[in-house]
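Below you'll find the structure, written out as structure tokens, and then a few comments.
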Amino acid sequence: MKHLIIGGVAGGATAAARIRRIDEFAKIIIFEKGKYISYANCGLPYYIGGVIENRERLFLQTPASFGKRFNVDVRVESTVIGIDTATKTLIVRRANGSEYAETYDKLLLSPGAMPVRPPLEGVEAEGIFTLRDVPDTDRIRNYLRTHHVQNAVVVGAGFIGLEMAENLHHAGVEVSIVEMANQVMAPVDFSIAAHVHQHLWHKGVNLYLEQTVARFEQKEGKINVCLKSGTIIPADMVLLSIGVRPETSLAQTAALKIGEAGGIWVNEYLETSAKDVYAVGDAIEFPHPITGKPWLNYLANPANRQGRLVADNMVKGNTEKYEGAIGTAIAKIFDVTVATTGLAAKRLRQLNIPYQSSNTHSGSHAGYYPGSTQMSIKLTFDPETGKIYGAQGVGYDGVDKRIDQIALLIKSGGSVFDLTKVEHSYAPPFSSAKDPIAIAGYVASNVVSGQMPIVHWREVLAANPNEVTILDVRTPEETKGGQLIQGSRNIPLDELRERLDEIPKDKPVYIYCAIGLRGYLALQILTQRGFTNVKNLSGGYKTYGVATAPVPLNKQQCIKQIIK
């Protein structure tokens with residue numbers, strides 16, 4: 001059996017190694033248009049910033065070592081320019097321009113995705129980069145070594161954009177981020193992204209939200225990033241991190257089916273519309289396990305899992321079905337960790353899927369043990385059954401393991417009630433007797449059961465104090481320094497029973513405390529004493545305060561305004 005694989009990173013390399021493990025005698029050829037295979041592209045930003053010092057540590061295998069270990073014919077700098085699925089033939093172009101044909105029994109496409117480079121005026125200027133592969137990384141590193149880079153602009157605030165902002169900062173560069181949306185990190189909800197906004201500000205990074213680049217100008221040795229708002233940001237270097245799109249050009253020339261999301265269509269066995277031709281990784285689309293709708297998922301874990309499954313199907317016939325990915329991702333942004341899995345609230349709204357959400361804030365481990373920090377978890381779930389749709393977390397320690405646990409529950413069809421059943425390992429340095437995901441589960445369970453009606457920060461922000469009583473049950477000391485919601489009245493929880501006559505019964509009552517626990521206790525007191533329309537602010541003032549806080553600029557002197 002002769003297996004040809006186009007693309008030697010992530011899914012392609014994984015598939016080749018798996019094919020060899022289950023078929024010692026198969027002929028396997030990898031075609032890679034670049035010089036490298038099986039490298040850690042997720043580590044590229046950290047090499048640029050100097051966190052990873054040794055470039056060679058990025059390479060899991062060289063073409064020679066991979067070929068030797070797995071008895072694979074690895075052909076780098078070889079670009080497949082055509083596929084004839086009828087005759088099962090490829091046309092390959094070598095680095096010197098010569099071409100040849102190669103036949104196959106089974107073919108795997110793993111071409112990945114390409115970065116978006118917008119057709120803006122000046123975008124081809126020296127010092128403007130995208131980051132996708134090793135050559136991109138080498139160009140950026142060389143530019144930093146050979147130029148006096150003091151200021152950089154990152155266009156796009158996705159995961160890679162933010163990781164690059166951190167690593168450029170680590171390299172001693174002052175960084176500004178331009179993002180056309182009203183938040184960073186599109187997969188998460190605004191209330192989670194707001195934590196990152198504040199953290200970036202504290203780190204000295206300027207954040208330009210809801211801003212769009214109009215053009216780039218080279219002037220006096222600088223690259224002027226000209227925004228449509230009229231603002232100009234002078235920079236020594238620009239990184240474009242606007243996004244990626246699936247590399248489908250080869251698939252299209254081979255007349256393979258392209259799906260409605262723009263990726264290569266594959267069935268449950270990861271086979272394309274052409275028999276014996278398979279595809280994996282960033283280039284494919286696949287139905288989301290929750291929505292059933294096809295989507296594009298640019299993550300390494302699913303690509304590697306697909307590579308393993310598709311190898312079995314190529315060797316043994318279509319025996320292994322792929323279940324799909326829900327989009328579990330994580331990023332380190334300076335000192336904080338942000339992670340997400342499943343569907344965020346904004347995505348559920350776009351899909352018109354009824355949902356409810358909850359916000360909780362818990363210690364990463366027991367508060368009495370040194371080093372405990374707060375983590376925030378947001379759950380989205382079915383308001384009737386409690387089935388979990390998604391989860392997001394932000395904090396300094398332990399966010400990863402909590403989101404991973406929830407991700408497995410989501411893929412298993414679990415509910416918020418199942419979160420309370422997770423038997424987690426506990427000792428004071430690692431968790432609390434009630435783990436953060438257990439707390440999240442208890443709170444969400446109370447929402448589903450109706451035991452705790454909630455109101456969200458946007459509703460409180462929009463509320464008219466003349467029509468709603470906004471009740472602050474924190475201590476007076478906690479409200480000092482302006483840390484309160486406008487129009488609210490303060491009655492500490494421990495005084496509430498004696499001061500019930502100060503609260504009108506003829507209009508809704510929105511209660512809040514620091515994180516939601518005392519608000520829940522206050523809600524129980526009021527509802528059991530005759531108040532009929534009481535809601536607790538989900539996540540308390542912690543969520544409200546972060547979500548409504550402004551994000552000022554750190555160095556406004558770096559900004560010029562066009563005089564019109």
Side-chain angles (χ1 to χ4, degrees), residues 34-36 39-59 114-179 200 203-208 211-227 231-244 333-334 553-562:
K35 295 182 179 181
Y36 310 100
Y39 60 86
N41 54 359
C42 295
L44 300 180
Y46 301 99
Y47 171 64
I48 291 172
V51 177
I52 298 173
E53 297 179 357
N54 187 347
R55 181 178 181 273
E56 297 308 308
R57 292 186 65 84
L58 295 171
F59 301 98
M114 68 179 95
V116 174
R117 195 175 183 95
L120 296 173
E121 179 184 343
V123 75
E124 300 300 331
E126 182 187 18
I128 300 178
F129 302 93
T130 59
L131 175 62
R132 187 64 183 171
D133 53 25
V134 174
D136 290 339
T137 304
D138 290 339
R139 283 189 287 269
I140 295 171
R141 281 272 294 197
N142 183 63
Y143 192 86
L144 287 168
R145 280 196 303 264
T146 57
H147 293 73
H148 185 49
V149 179
Q150 293 180 298
N151 302 282
V153 172
V154 177
V155 181
F159 284 72
I160 293 178
L162 292 180
E163 288 171 350
M164 274 303 302
E166 175 191 352
N167 281 281
L168 287 171
H169 185 276
H170 187 269
V173 179
E174 294 183 357
V175 182
S176 297
I177 300 173
V178 178
E179 170 56 51
L200 290 170
K203 290 296 183 179
V205 175
N206 280 320
L207 188 57
Y208 296 87
Q211 298 274 12
T212 305
V213 176
R215 66 188 182 281
F216 301 99
E217 296 177 347
Q218 286 189 309
K219 188 174 182 181
E220 299 175 354
K222 291 280 188 178
I223 304 168
N224 285 338
V225 182
C226 305
L227 308 183
T231 298
I232 295 178
I233 312 173
D236 301 305
M237 172 183 167
V238 174
L239 180 81
L240 301 176
S241 184
I242 299 171
V244 296
I333 312 300
F334 290 95
L553 294 175
N554 284 287
K555 295 182 183 251
Q556 296 193 40
Q557 67 268 26
C558 294
I559 312 307
K560 301 177 183 178
Q561 294 290 336
I562 297 177

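Predicted, not measured: the structure shown is a model, and the values here were computed from it.
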Mark yes or no for whether [X], through its side chain, and [Y], through its backbone, hold a donor-acceptor pair below 3.5 Å.
| X | Y | result |
| --- | --- | --- |
| Asn224 | Cys226 | no |
| Arg117 | Glu124 | no |
| Arg141 | Tyr47 | yes |
| Thr146 | Asn142 | yes |

If the threshold is 4.0 Å, N to carboxylate O, is there a salt bridge linking Asp136 and Arg139?
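Between Arg139 and Asp136 there is a salt bridge, with a charged N closer than 4.0 Å to a carboxylate O.
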Do NZ/NE/NH1/NH2 and the carboxylate oxygens of Lys203 and Glu166 come within less than 4.0 Å?
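Not counted as a salt bridge, because no side-chain N and carboxylate O are separated by less than 4.0 Å.
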Measure the [atom1]-[atom2] distance between [X] and [Y] for me, rounded to the nearest 0.5 Å.
| X | Y | atom1 | atom2 | value |
| --- | --- | --- | --- | --- |
| Leu240 | Phe129 | CG | CZ | 10.0 Å |
| Leu162 | Leu200 | CG | CG | 6.0 Å |
| Ile177 | Leu207 | CD1 | CG | 5.5 Å |
| Ile333 | Glu163 | CD1 | CD | 6.0 Å |
| Phe216 | Leu120 | CZ | CG | 5.5 Å |
| Leu58 | Tyr36 | CG | OH | 10.5 Å |

Do the side chains of [Y] and [X] get nearer than 4.5 Å, heavy atoms only?
| X | Y | answer |
| --- | --- | --- |
| Val134 | Lys35 | no |
| Val154 | Val175 | yes |
| Tyr46 | Asn167 | yes |
| Val244 | Arg132 | yes |
| Leu131 | Met164 | yes |
| Tyr208 | Leu553 | yes |
| Ile128 | Ile223 | yes |
| Asp133 | Tyr39 | yes |

[X] to [Y] - nearest heavy-atom pair and separation:
| X | Y | answer |
| --- | --- | --- |
| Val153 | Ala235 | CG2-CB, 3.7 Å |
| Asp138 | Arg55 | OD2-NH2, 2.8 Å |
| Ile140 | Met237 | CG2-CE, 3.4 Å |
| Pro115 | Thr130 | CG-OG1, 3.9 Å |
| Ala157 | Glu179 | N-OE1, 2.8 Å |

Test log, rule side-chain contact (heavy atoms from CB on, under 4.5 Å), inputs Leu227 and Ile233:
CA-CA 8 Å; Leu227 308 183; Ile233 312 173; 4.1 Å; yes
Residues, nucleotides or ligands: over 12 heavy atoms within 6.0 Å of Arg57 CZ:
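No, not enclosed.
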Can you name the one residue among Ile242, Val238, Val155 that meets side chain to side chain contact (heavy atoms under 4.5 Å, CB included) with Val213?
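Single side chain to side chain contact (heavy atoms under 4.5 Å, CB included) partner of Val213 among Ile242, Val238, Val155: Val155.
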Applying salt bridge (charged side-chain N to carboxylate O under 4.0 Å, His left out), run through Lys222 and Glu217 and close with a yes or a no.
CA-CA 8 Å; Lys222 291 280 188 178; Glu217 296 177 347; over 6 Å; no
What about the rings of Phe334 and His169, do their centers lie closer together than 6.0 Å?
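Yes: the rings meet the under 6.0 Å criterion.
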